[in-house]
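Each chain gets a letter, A, B and so on, in the order the sequences are listed, and its residues count up from 1. We use all heavy atoms of the structure for the numbers below, so side chains are in, but hydrogens, waters and symmetry mates are not.
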Protein chains: 2
Amino acid sequence: MAKTKAYKSDVKAAIHETALDLHETGLIDKHTMRRFDQSCLTPVRKFTAEEIRALREREQVSQTVFAMYLNVTKDSVSQWERGDKRPAGPACKLLSIVAEKGLAAIA
Amino acid sequence: MAKTKAYKSDVKAAIHETALDLHETGLIDKHTMRRFDQSCLTPVRKFTAEEIRALREREQVSQTVFAMYLNVTKDSVSQWERGDKRPAGPACKLLSIVAEKGLAAIA
DNA sequence: CCAATATGTAGAACTCTGTGCTATATTTCA
DNA sequence: TGAAATATAGCACAGAGTTCTACATATTGG
């Protein structure tokens with residue numbers, strides 16, 4: 001696991017926690033709090049069929065096992081990789097997490 | 001962050017990694033490998049409307065911010081919490097992660 | 001070596017999530 | 001006071017995700 005990635009996400013988590021604490025102490029208002037939350041969110045990528053397949057193969061798992069991790073059916077994963085259907089909002093978020101942190105992050 | 005939670009997920013991640021290494025070394029077959037994967041997966045809960053709201057309020061964020069984290073619209077979160085609609089597979093997985101590890105885990 | 005299993009493709013029909021929009025009400029803060 | 005954040009509500013619609021079947025190939029275990 002690359003140190004830079006872990007560092008990055010730790011920073012974001014820390015910013016969120018710090019902002020939360022400052023809000024509870026009354027030092028910043030909700031308005032500013034929300035700006036902090038937006039700034040520390042990892043942007044969600046769009047995934048092509050090939051990228052999804054490459055991602056799964058990088059993690060060395062079958063479509064069935066990959067599907068279990070994402071809590072979808074194996075057919076859905078197959079359809080994504082063939083370009084038959086495209087993953088929606090929440091599915092893309094999960095794929096982004098896997099792409100950044102690996103399958104273990106959503107175990 | 002509670003140590004027990006971090007420990008638990010670390011164990012599961014470790015089992016997965018170990019199984020993967022054993023497979024690459026040729027010490028276990030794919031069949032067994034898959035069983036390992038299934039056993040170290042966190043079961044995905046069903047969430048009631050009240051549980052979703054409680055979860056969001058525990059994390060101290062508005063529906064809008066919560067929605068940004070899950071990569072869905074604020075309307076969807078509102079509908080979940082009112083019992084108008086129920087989160088699907090991938091959305092439930094994300095909610096499970098937040099319930100177990102907190103919002104920072106999907107930042 | 002052979003039967004069983006895992007893996008992936010393919011397509012069809014169906015459910016209902018998730019989106020987008022508008023409108024309304026209340027609260028919060030400058 | 002008035003602008004912005006927050007949450008509810010309803011409705012129409014595209015398409016995501018499910019479920020089913022059938023088929024083709026590895027791969028494997030006995």
- Item | Donor-acceptor pair under 3.5 Å, Lys85(A) side chain vs dG17(D) base | yes
- Looking across every strand, which nucleic acid part, if any, lies under 4.0 Å from Arg86(B) by heavy atom: base, sugar-phosphate, or nothing? sugar-phosphate
- Item | Closest to side chain of Pro87(A), choosing from dG8(C), dG17(D), dA7(D) | dG17(D)
- Message: From C-beta outward on Ser62(A), which listed nucleotide comes closest to its side chain: dT18(D), dT19(C), dG8(C)?
- Response: dG8(C)
- Query: Tell me: NZ of Lys46(B) to C1' of dT17(C), nearest whole Å?
  - Reply: 14 Å
- Note on the structure: Between CG of Asp84(A) and P of dT9(C) the distance, given in whole Å, is 11 Å
- Taking the nucleotide of DNA chain D with the closest heavy atom to each, which residue, Asp75(B) or Trp80(A), is nearer the 5' end? Asp75(B)
- Message: Rounded to whole Å, please give me the gap between CD1 in Ile52(A) and C1' in dA16(D).
- Response: 12 Å
- More 5' along DNA chain D: Val72(A) or Arg56(B), using each one's nearest nucleotide? Arg56(B)
- Under 4.0 Å between any heavy atoms, over every strand shown, what does Gln79(A) touch: base, sugar-phosphate, or nothing? Just pick one. base
- Distance in angstrom units between Glu81(B) CD and dT6(D) P, rounded: 13 Å
- Return yes if some donor-acceptor pair links the side-chain N/O of Lys101(A) with the main-chain N/O of Ala105(B) below 3.5 Å, else return no. yes
- Item | CZ (Arg45(A)) with more than 12 external heavy atoms under 6.0 Å | no
